[in-house]
A.B. asks: 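This is the structure I have questions about; it appears just below.
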Amino acid sequence: MGLAEKRLAEEIKTDKLPAFESKLNEKAGYPIKVNIDWATFTAFDQYPLSRLDIVFDDIEGFVKKICQDDMGKEALKDKMATIHLTNTDQRDDVKMELKDNILSLNFQLAGDTFSSFTDSQIAAYVEKQL
């Protein structure tokens, strides 16, 4: 990880992540913690970090879809307290899992490829678990 990645990671940690969590909390009606495996996002180059804005938008969209009414808000609150984000360079490791109140999302954001989940894909997966 070079200086550029360190600066971008610090900006995300101090500015973008708190604002993002605040948006999620507002939409869900309860606090949702977002944990980022920083080592996996800074191990390659700036691309994974720069693509976090897209990931944040998709997660915000998923929460909005689920929490469109009180029933959705209560169901999500009962099953999810934390979202854990991991980046990988292996396409086979791209997955999502909701277990023990943690939604784990593994993306492939490194290099020339970009493998993520849309808000609709995340919402469809989580909705089946609620």
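Everything numeric here is computed off the predicted structure, so don't read it as measured data.
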A.B. asks: Hydrophobic cluster membership, with links at side-chain heavy-atom distances under 4.5 Å among I/L/V/M/F/W/Y: are F62 and L130 in one?
C.D. replies: yes
A.B. asks: By the side-chain hydrogen bond (donor to acceptor under 3.5 Å, both in side chains) test, which pairs, at least two apart or in different chains, include something from residues 10-26?
C.D. replies: K16-D53
A.B. asks: Please name the pair of heavy atoms, one in L98 and one in Y125, separated by the smallest distance, quoted to 0.1 Å.
C.D. replies: N-OH, 3.1 Å
A.B. asks: Can you tell me if CD on E97 sees more than 12 non-hydrogen neighbours from other groups inside 6.0 Å?
C.D. replies: yes
A.B. asks: With rounding to the nearest 0.5 Å, note down the distance linking CG in L17 to CG in N35.
C.D. replies: 8.5 Å
A.B. asks: Classify the ring geometry between F20 and F56 as parallel (under 30°), tilted (30 to 60°) or perpendicular (over 60°).
C.D. replies: parallel
A.B. asks: Go through the steps to decide whether K73 and Y30 satisfy the test side chain to side chain contact (heavy atoms under 4.5 Å, CB included), and finish with yes or no.
C.D. replies: CA-CA 8 Å; K73 288 178 182 179; Y30 73 96; 5.8 Å; no
A.B. asks: Which heavy-atom pair separates I12 from L49 by the least distance, and what is that distance?
C.D. replies: CD1-O, 3.6 Å
A.B. asks: When you group the ILVMFWY residues by side-chain heavy-atom contacts below 4.5 Å and let the links chain together, are L105 and V34 in the same group?
C.D. replies: yes
A.B. asks: Could you list the donor-acceptor pairs under 3.5 angstrom formed by side chains in residues 77-85, with sequence neighbours left out?
C.D. replies:
residue : atom : partner : partner atom : Å
H84     : NE2  : T86     : OG1          : 3.3

A.B. asks: Assess the residue pair S116 and I54 against the criterion (side chain to side chain contact (heavy atoms under 4.5 Å, CB included)); give the C-alpha distance rounded to whole Å, side-chain angles, the decisive distance to 0.1 Å, and a yes or no.
C.D. replies: CA-CA 9 Å; S116 183; I54 298 166; 5.5 Å; no
A.B. asks: Looking only at non-hydrogen atoms, find the nearest pair between Q121 and M96 and report the distance.
C.D. replies: O-CE, 3.7 Å
A.B. asks: Which heavy atom of V94 sits nearest to which heavy atom of T88, and what is that distance?
C.D. replies: CG2-CG2, 4.3 Å
A.B. asks: In Å and rounded to the nearest 0.5 Å, what is the CZ to CG distance from F107 to D37?
C.D. replies: 12.5 Å
A.B. asks: Can L103 and I59 be said to form a side chain to side chain contact (heavy atoms under 4.5 Å, CB included), step by step?
C.D. replies: CA-CA 11 Å; L103 175 63; I59 292 171; over 6 Å; no
A.B. asks: Taking atom CG of L8 and atom CG of L3, what is their separation to the nearest 0.5 Å?
C.D. replies: 11.0 Å
A.B. asks: Go through Q108 and D93 one step at a time and tell me if the side chain to side chain contact (heavy atoms under 4.5 Å, CB included) criterion holds.
C.D. replies: CA-CA 8 Å; Q108 182 187 13; D93 292 339; over 6 Å; no
A.B. asks: Shortest non-hydrogen contact from T42 to A9?
C.D. replies: CG2-CB, 4.1 Å
A.B. asks: Mind checking side chain to side chain donor-acceptor pair (under 3.5 Å) for S120 and listing every partner two or more places apart, or none if nothing turns up?
C.D. replies: K65
A.B. asks: Under a 4.5 Å cut-off applied to non-hydrogen side-chain atoms, are V55 and L109 in contact?
C.D. replies: yes
A.B. asks: Measure across C67 and A28 and return the closest heavy-atom pair with its distance rounded to 0.1 Å.
C.D. replies: SG-CA, 3.7 Å
